[in-house]
Colleague: 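What follows is a structure written as structure tokens; I'll ask about it next.
Each chain gets a letter, A, B and so on, in the order the sequences are listed, and its residues count up from 1.
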2 protein chains.
Amino acid sequence: MDREHSGRNLTQQLVHTLGESIASGRYQPGDGLPSEASLCEEYGISRSATREAIKMLTAKGLITSRPRQGIRVQVRARWNLFDPDVLGWILRASPTLEMLREFMQLRTAIEKEAAALAAAEQDREGIAAISDALQRMKVAEEGLGDPVEADIAFHINILNATNNPFYIQLGSFIETALRVSIRYTNRIKGVETASYANHKHLYDAIERGDAAGASSASAAMQSEALALIESRLSSRQSPVEVAVV
Amino acid sequence: MDREHSGRNLTQQLVHTLGESIASGRYQPGDGLPSEASLCEEYGISRSATREAIKMLTAKGLITSRPRQGIRVQVRARWNLFDPDVLGWILRASPTLEMLREFMQLRTAIEKEAAALAAAEQDREGIAAISDALQRMKVAEEGLGDPVEADIAFHINILNATNNPFYIQLGSFIETALRVSIRYTNRIKGVETASYANHKHLYDAIERGDAAGASSASAAMQSEALALIESRLSSRQSPVEVAVV
DNA sequence: TTTATATCAATTATCTGACAAATGGCTGGC
DNA sequence: GCCAGCCATTTGTCAGATAATTGATATAAA
């Protein structure tokens with residue numbers, strides 16, 4: 001079993017190994033994976049552990065398994081893209097600019113509306129949490145603390161402040177995507193340091209209950225980033241300085 | 001084991017039974033579920049089948065299980081709300097107006113942007129599929145075919161026409177939510193028959209590549225429904241005539 | 001008393017080997 | 001050529017045993 005997955009139990013290791021293989025396209029949708037028996041032998045583990053791994057991947061929508069037919073990769077539309085594991089495997093397998101753009105296209109829609117909802121909701125605790133994160137961003141500009149963590153927290157806290165469970169759940173999705181993106185794109189200082197002012201602008205709108213203002217502030221912030229990605233895409237540059245917003 | 005879950009294999013039955021129990025709040029987050037041994041006894045099945053069910057629920061984010069600690073319900077924010085099973089269990093457990101509103105709040109954001117993307121993308125096949133669904137809606141108005149299926153297909157096909165895998169994946173989420181909502185809300189004729197014109201309006205905008213027009217057409221359609229829900233919420237009426245758009 | 005260490009017990013994790021059930025394909029009869 | 005029934009393959013389920021993890025408890029040391 002892979003060295004990188006040690007520390008987890010056998011089932012988890014196999015889940016991640018197979019998950020990555022599938023996400024990377026080593027097994028294509030429609031393809032059959034090795035049978036349970038083969039997997040046992042290949043990874044040197046028992047059938048129970050193997051089956052439990054297969055059940056977990058089934059639960060995440062990556063595969064199906066039926067008697068006689070064996071184990072098959074599902075079509076991508078069935079994958080639970082919003083499962084943090086699945087998303088991580090996919091992003092790590094192919095951290096392309098294309099996918100970053102597709103992710104940003106979704107994020108724009110969600111965060112724009114979330115900002116408006118948060119402004120309308122006026123949940124004091126939730127807004128205080130956003131404020132905290134903003135403060136941490138400011139401090140981080142002066143070199144204290146982690147700017148990335150503060151940035152992520154800011155966006156997550158806006159989603160939380162909607163008090164809408166669907167938006168809240170999307171927090172973990174966005175968090176995963178951001179962390180992976182960050183790890184795989186070397187960021188340039190200029191991009192993120194410039195952003196505090198934008199974030200403050202967005203926060204102010206939410207704080208004063210200005211839904212329309214919050215919505216457009218969010219949209220403005222992200223369309224900048226999206227435009228950057230799209231210009232890189234058309235000029236075929238590497239994703240070096242494309243980063244979080 | 002429940003009669004309603006027969007036809008599936010034992011593991012699947014237990015997954016659904018426990019999933020529903022958790023979603024309905026019979027086991028609260030933080031609570032411990034019965035141990036593996038107890039579950040085996042309670043449902044009269046072997047430990048393998050039980051463990052596989054537990055692994056599947058773990059994969060969906062509903063529970064964790066660790067030696068000595070046992071099986072515990074996760075906090076709701078960890079649940080994979082976008083997993084069709086999980087969403088179904090939740091919606092069926094408590095099909096409240098509140099949740100319908102929260103769902104619509106998300107749907108509005110997503111479909112609005114999806115309409116714009118579809119308009120910009122101009123995928124001929126994708127647009128043809130939307131047109132097909134629209135046609136089926138029209139025919140259904142005259143009593144031929146299923147209006148609900150056509151309606152759902154229309155919205156799913158817009159998501160597909162974005163060619164963005166994230167939006168496409170949300171299709172199965174929205175589909176599940178719509179089906180459950182429909183099953184649990186008795187719809188009034190007047191609401192859905194009025195909607196063909198709106199849908200046509202949205203389609204036309206997409207077809208001619210008018211992203212802004214598509215976006216606002218979608219928003220208009222859904223804000224109507226959302227307003228209806230919110231008025232019902234404030235007047236505490238039952239969700240009888242709130243329906244799909 | 002406080003702190004560190006060893007032991008214990010409850011629970012999940014894994015292994016083994018067997019049998020049951022489902023199902024795609026083959027074979028033989030018509 | 002078509003259909004029924006058999007067969008082999010693969011997953012589904014069962015039973016029972018042992019290993020690993022870990023919170024709690026008891027014990028020993030400072």
Colleague: A:N9 has an atom CG; how far is it from atom C1' of C:dA13, in whole Å?
Modeller: 7 Å
Colleague: Without hydrogens or angle criteria, can the side chains of A:H5 and A:Q12 be said to hold a donor-acceptor pair below 3.5 Å?
Modeller: no
Colleague: Decide yes or no, distance alone: a donor-acceptor N/O pair under 3.5 angstrom between the base of D:dG12 and the side-chain of A:R47.
Modeller: yes
Colleague: Please give, in whole Å, the distance from D:dC6 P to A:R68 CZ?
Modeller: 17 Å
Colleague: Rounded off to whole Å, could you give me the CD-to-P distance for the A:E52 and C:dT12 pair?
Modeller: 12 Å
Colleague: Base, sugar-phosphate alone, or nothing: which one does A:I54 contact when heavy atoms must sit under 4.0 Å apart?
Modeller: nothing
Colleague: Is there side-chain contact between A:I168 and A:L159, with heavy atoms separated by less than 4.5 Å?
Modeller: no
Colleague: Think B:R51 has a side-chain N or O under 4.0 angstrom from the OP1 or OP2 of C:dA13?
Modeller: yes
Colleague: Compare all side-chain heavy atoms of B:V139 with those of B:R136 and state whether any distance is below 4.5 angstrom.
Modeller: no
Colleague: For B:K55 and C:dT14, give me the distance from atom NZ to atom C1', rounded to whole Å.
Modeller: 11 Å
Colleague: Go through the side-chain N and O atoms of A:R107 and A:Q105 and say whether any donor and acceptor fall under 3.5 Å apart.
Modeller: no
Colleague: What's the CD1-P distance between B:I63 and C:dT12, to the nearest Å?
Modeller: 10 Å
Colleague: Whole Å only: how far is the CZ atom of B:R72 from the P atom of D:dT22?
Modeller: 13 Å
